[in-house]
Every structure is written in structure tokens, then in C-alpha cells.
2 protein chains.
Amino acid sequence: MNDNCTVYRTMGFLSKKWTLLIILELYRGGDTWKRFSEIKRSMKDITPKILSERLRNLEEEGVIERRVDTATVPIRSEYRLTEMGRELTEVAKGIKTWALKWKINNPVCASQDCIVCVL
Amino acid sequence: MNDNCTVYRTMGFLSKKWTLLIILELYRGGDTWKRFSEIKRSMKDITPKILSERLRNLEEEGVIERRVDTATVPIRSEYRLTEMGRELTEVAKGIKTWALKWKINNPVCASQDCIVCVL
DNA sequence: CGGTATCCTTTCGGATACTG
DNA sequence: CAGTATCCGAAAGGATACCG
């Protein structure tokens, strides 16, 4: 196998814990920019270290973009999906469709409205 | 986040190293049963431990099915995709489509015909 | 042939504290 | 506010050897 395979690399970063959830969180707001603390607050239990890592990774991949307003104090730094990132949510929906078709008997999933499945 | 979320769990096992490749290897042959050693040989560098783990995991998930012929010596044990597994290859294609659209400039990917991307 | 068992290294993610 | 630095434990994966 080739670790540089594009498909594999995509699976690789998509599957890291929290990543999909971050993408979906940015997707939920439409085209609005979201702040670090805002994203963090919406995802109970993520630590700043991990959130920071994921955001940087997604930015490197081109899935999200970042803008910083250094003029204000405190600093505002904001994120949103790129077009590339918005299309990636379609992939997430493909997985969701498959999962809900074949795994709907998963009792935990069926009994609640988790942010991922509700998308 | 909920670790029991069906979508997340799907990402979880799909993204384990080798898993996608195993699914694609079984897909390539159509509906034929493939043997352990055959799969192993087609995936250079996978160790029997990992292949064994993945195959059992995929069987538990219902993505592949296994049959054993204990009458013959040596034993023949064979695997193939279930209908559920065949539909999962469509998800893989969705990822591939996204990846090739947005990441085609990945030089390693563009310069060769890896088994995943050629599918 | 089709795996297990054991060991070992690497990677990942969480907790906590700190800073420009 | 938006992170970074440091430390730690858990988990994943690879190497190798062995077995019915």
C-alpha cells in the first residue's frame, strides 16, 4: 500500500477524532465565520490542544480557511469551510446514508438526535 | 460527542489502516470468494495479525462473509463482500471522487495507478 | 494454510498549566 | 481570546515466532 494515496490520506484525516464534527459544526452555520471559542463551546469536552491541531490540519488540507483580526483586542480568529470543505460534507452524508440504512438498529444511534446523524 | 454514533463508528472502522484496501480487493474480483493467503499476497506488507484482525472486524460489522471448508486439508477459508459491503464501495467511490477532484495535484497519486484510485 | 501469541515501537489523544 | 508547551496513559500497528 502507498501511504501517499489520496483516498487513503483523505480517510486518514477525516477519521481523526473530532474532525468530522468540526466540519459539521462549520457547515451548520452556513457561510458564517466561527470563532475558536465558539467551536470549542459547541463541542463539549474537546481540549484546546486537539481543536487547535485539527483546525490547523484542516486548513493545511484546504478544507477550511482562517482569518485573523489583529486590530481588535482581544484577537479574533475565525474559521469557515471552503468550497472544497462544503463538498466534503456530501461525503459525510454518503456515509450517513449507508450507516442509517444498514446500521439503523444501533440502539444508541436510533434513540437520540446526535449532531452528526441529524445533519 | 457520542462515541456510539453510527456515522462515527463507520468512519472508525473504515479508516483503520488496510480496511478500505481489503474491501476494494474483495470488490475487484466480483462475487468470487477469496482466500486469506490470496488477499494477503495482493497486499504487500500487511502482516497476518492485522489482516486477521481486520477480516474479523469486517465480518462482525456485516461487511464481509466467511466460509470455511474443513473437509479439505489444508483448510480453505474464504471471504467475500456482502450486499452491505458492496454498497460500501460506493462510499469509497464518493471519497475517491472528492479526492480526485480536489487533490489531484497530489504528485504521488497522479503519477501512478494505485489500487485504490484506479477502482 | 490460516491463523495466534508475544513483544515492542509509535502514534494518538487527554489533562493541565501557561502565555502574547 | 486563542492558542502553545509539557507530560502522561492508552491504543494501534508492526516484527517475529509459533501452532493445529
Going by an N to O cut-off under 4.0 Å, is there a salt bridge joining A:Glu78 and A:Arg76? yes

Please report the distance, rounded to the nearest Å, between CG in A:Asp69 and P in D:dG3. 13 Å

Residue-phosphate contact under 4.0 Å: B:Arg35 side-chain N/O, C:dG2 OP1/OP2: yes

Short side-chain N/O contact from A:Ser77 to OP1 or OP2 of D:dC1, under 4.0 Å: no

Decide yes or no, distance alone: a donor-acceptor N/O pair under 3.5 angstrom between the base of C:dG2 and the side-chain of B:Lys40. no

Under a 3.5 Å distance rule, please check whether A:Tyr79 uses its side chain to pair with a backbone N or O of A:Arg67 as donor and acceptor. no

Show, in sequence, the C-alpha distance, side-chain angles and deciding distance for B:Thr32 and B:Arg80, and conclude whether the side chain to side chain contact (heavy atoms under 4.5 Å, CB included) test is met. CA-CA 7 Å; B:Thr32 64; B:Arg80 73 170 177 190; over 6 Å; no

Could you pick out which residue, A:Arg54 or B:Glu38, lies toward the 5' side of DNA chain C when each is mapped onto its nearest nucleotide? B:Glu38

Closest listed nucleotide, where the reference is the side chain of A:Pro48 and the choices are C:dG3, D:dA2, D:dG3: D:dG3

Rounded off to whole Å, could you give me the CD1-to-P distance for the A:Ile50 and C:dA15 pair? 10 Å

Value in whole Å for how far the P atom of D:dG14 lies from CD1 of B:Ile46: 8 Å

Over how many whole Å does the gap from A:Leu51 atom CG to C:dG14 atom P extend? 12 Å

From the set D:dC1, D:dG3, D:dG13, return the single nucleotide nearest to any side-chain atom of B:Lys17. D:dG13

For D:dG13, take OP1 and OP2 only and decide whether either is under 4.0 Å from a side-chain N or O of B:Trp18. no

Is A:Glu38 salt-bridged to A:Arg41, going by a charged N under 4.0 Å from an acidic O? no

Has the side chain of A:Ser15 got a donor or acceptor atom that lies under 3.5 Å from a matching backbone atom of A:Met11? yes

Check the hydrophobic clustering (I, L, V, M, F, W, Y; side-chain heavy atoms under 4.5 Å; chains of links allowed) and say if B:Trp33 and B:Leu55 are grouped together. no

Members of residues 56-67 of chain B that approach DNA chain D, where some heavy atom sits under 4.0 Å away: none

Give a yes/no answer on whether the side chain of B:Thr47 brings an N or O atom under 4.0 Å of OP1 or OP2 in D:dG14. no

Is A:Glu61 salt-bridged to B:Lys103, going by a charged N under 4.0 Å from an acidic O? yes

Taking for each residue the nucleotide of DNA chain D bearing the nearest heavy atom, is the 5' side occupied by A:Ile75 or by A:Glu53? A:Ile75

Quick check for you: among C:dC1, D:dA2, C:dT4, whose closest atom lies nearest to any side-chain atom of B:Ser52? C:dT4

So, is A:Arg76 near the phosphate of D:dC1, with a side-chain N or O under 4.0 Å from OP1 or OP2? no

Report the distance from atom CE of A:Met43 to atom C1' of C:dG14, rounded to the nearest whole Å. 16 Å

Ignoring the backbone of B:Lys49, work out which of C:dT6, C:dG2, D:dC7 is nearest its side chain. C:dT6

What is the distance from atom CG of B:Leu51 to atom CD1 of B:Ile22, rounded to the nearest 0.5 Å? 5.0 Å

Would you mind checking if B:Arg56 and B:Glu59 are paired as a salt bridge, meaning a charged N to carboxylate O distance below 4.0 Å? no

Roughly, in whole Å, what's the span from OH in B:Tyr79 to C1' in C:dG2? 7 Å

Which of these nucleotides, D:dG3, C:dG3, C:dG13, is closest to any side-chain atom of A:Lys16? C:dG13

B:Ile75: hydrophobic cluster co-members (side-chain, 4.5 Å): B:Val68

Do NZ/NE/NH1/NH2 and the carboxylate oxygens of A:Lys16 and A:Glu53 come within less than 4.0 Å? no

Axis-to-axis angle for the helix from C:dC1-D:dG20 to C:dG20-D:dC1, ends of five pairs each, to 10°, equals 50°

Expressed in angstrom and rounded to an integer, what is the separation of A:Phe36 atom CZ from D:dT4 atom C1'? 10 Å

Could you check how far NZ of A:Lys44 sits from P of C:dG14, rounded to whole Å? 14 Å

